[in-house]
Amino acid sequence: MKILIIRHGEPDYSIDSLTSKGWTEASLLSDRLDKMKIDDFYCSPLGRAKDTAKATLDKYGKDAKILPWLREFPGQVTLPWQEKGRIPWDLAPSFWANSPELYDYEGWLEHPLMQGGGMHETFCEITSGIDTLLNGYGYQRDGYLYRCETDKEVTVALFCHFALGMTIVSYLTHVSPIILWHSFFMPASSVTTLVSERDRTGSTLFRCMQIGDTSHLYAAGEPISPAGLYPDFDRSLQ
């Protein structure tokens, strides 16, 4: 099985859609995806993800199934000096990088920063959604592995968001999402690919082949958008 996690194009958050550059990225992305054999499409309910998917779906002549849990990660953390919540993937490195427990896949949710703000509920909703999706293709969660007797050659595309996409990678590879949110990046319109590997006993593990690939933009001479980088480090990636 192959899972394509596709981040939306450069966003215009004010209208929950895409910038003019984002529409260009979505078109170039569709040219790339049209060359692949994608069996099923799933999409976030948010406009920027649906708009990114449109060009690809038009070329395939298919619709995407809208999954509410594919919306951007809604859980929030509360910093000691702030009263209102903050998105958990946009924290200053000096604040989180010296907390060893945040590096631990089993323990990151127990950190005081993660209490409240719906962090536990959000993570459970997303991981339950992933397992439900995979169950439909014959994969049953068994600890850190999956059980699958067939390991079907099927490719699915998920049009979603940066933090949500990294949460999926976290769950399937057993890496703390804090590390993935802050030390890795999925540029706008990028493709992240995971593939399943099954042994003779039926035990299956998902392996990440690439994160945030934007070769479709490179091939067209289109610059990579910095949208989503930590504000103090925004820069052109050309």
Side-chain angles (χ1 to χ4, degrees), residues 3-33 43-56 70-77 79 82 84-97 102-103 113 122 126 157-170 173 175-194 208-238:
I3 301 173
L4 307 178
I5 301 172
I6 302 164
R7 186 187 171 200
H8 57 74
E10 185 178 75
D12 183 340
Y13 292 114
S14 67
I15 57 173
D16 188 23
S17 185
L18 305 176
T19 65
S20 59
K21 173 174 170 53
W23 285 106
T24 297
E25 292 171 347
S27 177
L28 294 172
L29 172 68
S30 72
D31 292 339
R32 171 185 181 171
L33 298 180
C43 189
S44 158
L46 299 183
R48 53 193 182 272
K50 291 193 287 187
D51 288 343
T52 301
K54 185 178 185 306
T56 298
L70 280 178
R71 70 194 186 285
E72 184 56 295
F73 194 98
Q76 295 188 333
V77 298
L79 301 181
Q82 290 184 331
K84 64 179 182 178
R86 180 183 178 90
I87 56 177
W89 62 92
D90 192 17
L91 302 176
S94 58
F95 187 75
W96 67 267
L102 292 177
Y103 291 72
L113 189 66
T122 296
I126 294 169
L158 313 179
F159 287 87
C160 52
H161 309 266
F162 166 65
L164 185 284
M166 284 298 192
T167 304
I168 295 174
V169 175
S170 165
T173 64
V175 176
S176 166
I178 300 297
I179 305 306
L180 295 174
W181 287 339
H182 293 89
S183 298
F184 294 83
F185 189 54
M186 291 178 180
S189 85
S190 65
V191 180
T192 294
T193 304
L194 296 104
C208 187
M209 294 182 65
Q210 58 186 13
I211 289 182
D213 181 76
T214 53
S215 55
H216 53 288
L217 302 183
Y218 174 80
E222 179 69 21
I224 299 172
S225 170
L229 288 174
Y230 185 70
D232 288 349
F233 297 95
D234 279 356
R235 62 177 69 86
S236 170
L237 295 180
Q238 271 187 282

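For F73 and F162, the ring centers are positioned 6.0 Å apart or more.
Counting heavy atoms from C-beta outward, V175 and V169 have side chains that stay 4.5 Å or more apart. Contact check for I5 versus M186: side-chain heavy atoms found under the 4.5 Å cut-off. In this structure the side chain of S190 reaches within 4.5 angstrom of the side chain of R7, judged on heavy atoms. At a threshold of 4.5 Å between non-hydrogen side-chain atoms, the residues L113 and W96 do not count as touching. Residues T167 and T122 are not in side-chain contact: their nearest non-hydrogen atoms beyond the backbone lie 4.5 Å or more apart. When side chains are defined from C-beta on, E25 counts as touching L217, because their heavy atoms get closer than 4.5 Å. The shortest side-chain heavy-atom distance between H216 and L33 does not fall under the 4.5 Å cut-off. At least one side-chain heavy atom of C208 sits less than 4.5 Å from a side-chain heavy atom of T192.
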List the steps and the verdict of side-chain contact (heavy atoms from CB on, under 4.5 Å) for D51 and W23. CA-CA 8 Å; D51 288 343; W23 285 106; 3.5 Å; yes
Pair T214-E222, side-chain contact (heavy atoms from CB on, under 4.5 Å): steps then yes or no: CA-CA 10 Å; T214 53; E222 179 69 21; over 6 Å; no
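In terms of modelled atom types and a separation under 3.5 Å, the side chain of E10 and the main chain of L18 share no donor-acceptor contact. Between the side chain of T52 and the backbone N or O of G9, at least one donor-acceptor pair lies under 3.5 Å. Not one N or O on the side chain of Y103 forms a donor-acceptor pair closer than 3.5 Å with the backbone of I178.
Within a 6.0 Å radius of NZ in K54, other residues, nucleotides and ligands contribute 12 heavy atoms or fewer. Counting heavy-atom neighbours within 6.0 Å of Y218 OH, excluding the residue itself, gives a total of 12 or less.
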